[in-house]
Colleague: 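Before anything else, here's the structure in question.
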Amino acid sequence: SSRPGNYTPDVVLAKKEYPVAAGTTDVEVDFDLTLDEPQYGFVVLKKNPFLTTPRSETRITGVVAVFNRYTQQGNEERGIDTVPFFLPTRRPQGTNYAVKFNPPLKSFGAEQLRSGIFRPALGASNAWVAPLKQNTATLKAEWKAPQTINRVVLWFDTDFDFSMESLQFHHPESVIPFCVQNFKLLDEQGKVVYETTDNHHSRCEIRFESPIKTSSLTLELNATDENIPISLFGIQAFE
């Protein structure tokens with residue numbers, strides 16, 4: 001986008017065109033470019049009636065396939081820009097393209113939990129994502145000295161682009177599959193201080209009956225869907 005942080009691809013950075021033989025073909029694309037700052041990038045495939053693109057059932061927090069539905073026509077008198085709208089398709093459709101990245105994307109490390117933003121925004125995923133097909137994942141926060149903690153807040157992905165609407169709309173799920181339902185919180189001794197198997201909140205606030213004193217907290221998260229890796233937007237501890 002010409003405006004950093006926006007979601008509309010109105011600047012073409014590179015174009016590539018390849019001949020494709022009949023049958024199944026792998027195509028390696030090198031755009032040979034570097035962005036000046038972190039920003040959303042769109043890989044746009046132009047419509048071609050003679051080609052199909054393989055899809056993947058794997059869905060990842062912060063990565064989504066979108067489609068050019070229509071273009072909003074500008075109006076200078078009303079201050080309206082001409083904007084092509086790229087929108088996701090509602091599940092169970094709207095799967096991602098089956099692609100590989102070389103080198104891999106480095107957008108999902110634990111440092112994302114420090115951003116203080118609890119959804120993809122400002123050119124970043126803002127999410128820690130566990131390896132694919134990992135059924136259980138662990139995060140550990142440590143302090144140099146024991147801390148007195150009254151409450152912990154965890155931020156999960158409830159997919160605001162495809163939220164649970166009212167019964168006026170059809171929704172294929174009873175729980176957003178990106179949201180971790182089953183997790184434990186342990187202190188420095190390995191004692192479970194909180195556990196649930198029925199979380200469905202974006203913002204999960206845990207209030208302890210009595211303050212706990214510990215120099216570390218370990219979060220054990222279990223996968224909700226075999227095709228969606230475990231993810232977390234943030235973890236906060238308060239006195």
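Small disclaimer: the values here were computed from a predicted structure and weren't measured. We use all heavy atoms of the structure for the numbers below, so side chains are in, but hydrogens, waters and symmetry mates are not.
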Colleague: Is it possible for you to check whether Arg69 lies under 6.0 Å from the centre of the six-membered ring of Phe85, through NZ or CZ, and within 45° of that ring's axis?
Modeller: no

Colleague: Please evaluate residues Val12 and Phe42 with respect to the criterion side chain to side chain contact (heavy atoms under 4.5 Å, CB included), reporting the C-alpha separation (whole Å), side-chain torsions for both, the decisive distance (0.1 Å), and the verdict.
Modeller: CA-CA 10 Å; Val12 177; Phe42 289 74; over 6 Å; no

Colleague: Is it the case that atom CD in Glu37 sees more than 12 heavy atoms from other parts of the structure closer than 6.0 Å?
Modeller: yes

Colleague: Under the rule for side-chain hydrogen bond (donor to acceptor under 3.5 Å, both in side chains), what residues qualify as partners of Thr224, not counting sequence neighbours?
Modeller: none

Colleague: Val11 and Ser1: which non-hydrogen atoms are nearest, and at how many Å?
Modeller: CG2-C, 4.3 Å

Colleague: For the pair Glu205 and Arg207, find out whether any cationic side-chain nitrogen is under 4.0 Å from an anionic carboxylate oxygen.
Modeller: yes

Colleague: Can you tell me if Asn126 uses its side chain to pair, donor with acceptor, with the backbone of Ala121 under 3.5 Å?
Modeller: yes

Colleague: Less than 4.5 Å apart, any side-chain heavy atom of Ile60 and any of Phe108?
Modeller: yes

Colleague: Drop me the distance from Leu154's CG to Ser202's OG, to the nearest 0.5 angstrom.
Modeller: 12.0 Å

Colleague: Does Val20 share a hydrophobic cluster with Val44, counting links as ILVMFWY side-chain heavy atoms below 4.5 Å and allowing steps through other members?
Modeller: no

Colleague: Does any non-hydrogen side-chain atom of Leu232 lie less than 4.5 Å from one of Leu139?
Modeller: yes

Colleague: Measure the spacing between NZ of Lys184 and OG1 of Thr197 and express it to the nearest 0.5 Å.
Modeller: 11.0 Å

Colleague: Does the side chain of Gln72 reach to within under 4.5 Å of the side chain of Ile80, using non-hydrogen atoms?
Modeller: yes

Colleague: Side chains of Glu188 and Ser216: any donor to acceptor distance under 3.5 Å?
Modeller: no

Colleague: Under 3.5 Å, side chain of Glu28 to main-chain N/O of Asp26, donor-acceptor pair present?
Modeller: no

Colleague: Check the pair Phe233, Phe178 against ring pair (Phe, Tyr, Trp, His ring centres under 6.0 Å), reporting the backbone distance first and the verdict last.
Modeller: CA-CA 11 Å; Phe233 280 130; Phe178 296 90; 9.6 Å; no

Colleague: Please name the pair of heavy atoms, one in Leu132 and one in Pro229, separated by the smallest distance, quoted to 0.1 Å.
Modeller: CD2-CG, 3.8 Å

Colleague: Look only at the side chain of Thr82 and the backbone of Gly74, and say whether a donor-acceptor pair between them is shorter than 3.5 Å.
Modeller: yes

Colleague: Closer than 3.5 angstrom, by distance alone: can the side chain of Ser125 be matched with the main-chain N or O of Ser107 as a donor-acceptor pair?
Modeller: yes

Colleague: Restricting to non-hydrogen atoms, name the atom on Thr148 and the atom on Pro211 that form the minimum distance, rounded to 0.1 Å.
Modeller: CG2-CB, 3.8 Å

Colleague: What distance separates Asn199 CG from Asn182 CG, expressed to the nearest 0.5 Å?
Modeller: 9.5 Å

Colleague: If you take all heavy atoms of Val175 and Gln181, which pair is closest and at what distance?
Modeller: CG1-NE2, 3.6 Å

Colleague: Decide whether Phe86 and Val83 are clustered together by the hydrophobic rule: side chain heavy atoms of Ile, Leu, Val, Met, Phe, Trp, Tyr closer than 4.5 Å, transitively.
Modeller: no

Colleague: Looking at CD1 of Ile206 and CD1 of Ile149, how far apart are the two atoms once the value is rounded to the nearest 0.5 Å?
Modeller: 11.0 Å

Colleague: Could you please spell out the steps behind the side chain to side chain contact (heavy atoms under 4.5 Å, CB included) verdict for Tyr97 and Val43?
Modeller: CA-CA 10 Å; Tyr97 295 116; Val43 179; over 6 Å; no

Colleague: Side chains of Tyr18 and Val29: does their closest heavy-atom pair fall under 4.5 Å?
Modeller: yes

Colleague: For the residue pair Trp128 and Leu221, what are the closest heavy atoms and their distance?
Modeller: CZ3-CD1, 3.8 Å

Colleague: Return a table of donor-acceptor pairs under 3.5 angstrom between the side chains of residues 51-58 and protein atoms on other chains or two or more places apart.
Modeller:
residue	atom	partner	partner atom	Å
Arg55	NE	Thr95	O	3.3
Arg55	NH2	Thr95	O	2.6
Ser56	OG	Thr58	N	3.1

Colleague: So, for Ile176 and Arg91, which heavy atoms are closest and what is the spacing to 0.1 Å?
Modeller: CD1-NH2, 3.8 Å

Colleague: Mind checking the NZ-CD1 spacing from Lys133 to Ile230? Nearest 0.5 Å is all I need.
Modeller: 12.5 Å

Colleague: Side-chain contact test, heavy atoms from C-beta onward, threshold under 4.5 Å: evaluate it for Lys16 versus Phe31 and give yes or no.
Modeller: yes

Colleague: Are the charged groups of Arg59 and Asp225 less than 4.0 angstrom apart, N to O?
Modeller: no

Colleague: Can you pull the side-chain hydrogen bond (donor to acceptor under 3.5 Å, both in side chains) pairs that have at least one residue in residues 134-144, sequence neighbours excluded?
Modeller: Thr136-Asn222

Colleague: In sequence, state the C-alpha distance, the side-chain angles, and the governing distance for Leu219 and Phe183, and then conclude on side chain to side chain contact (heavy atoms under 4.5 Å, CB included).
Modeller: CA-CA 7 Å; Leu219 182 62; Phe183 65 86; 3.7 Å; yes

Colleague: Would you say Val153 and Phe238 make side-chain contact, with heavy atoms under 4.5 Å?
Modeller: yes

Colleague: Do Tyr194 and Leu186 come within less than 4.5 Å of each other through their side chains, counting heavy atoms only?
Modeller: no

Colleague: Answer yes if the side chains of Trp155 and Gln236 hold a donor-acceptor pair under 3.5 Å, and no otherwise.
Modeller: yes

Colleague: Are the side chain of Asp187 and the backbone of Thr214 linked by a donor-acceptor contact shorter than 3.5 Å?
Modeller: no

Colleague: Any chance you could lay out the side chain to side chain contact (heavy atoms under 4.5 Å, CB included) test for Phe156 and Cys204, step after step, and finish with the verdict?
Modeller: CA-CA 8 Å; Phe156 294 102; Cys204 178; 3.9 Å; yes

Colleague: Membership question, hydrophobic clusters at under 4.5 Å side-chain separation (ILVMFWY): are Val99 and Phe67 in the same one?
Modeller: yes

Colleague: Do the non-hydrogen side-chain atoms of Ile212 and Lys191 ever get within less than 4.5 Å of each other?
Modeller: no

Colleague: Roughly how far apart are Thr61 OG1 and Ile228 CD1, rounded to 0.5 Å?
Modeller: 7.5 Å

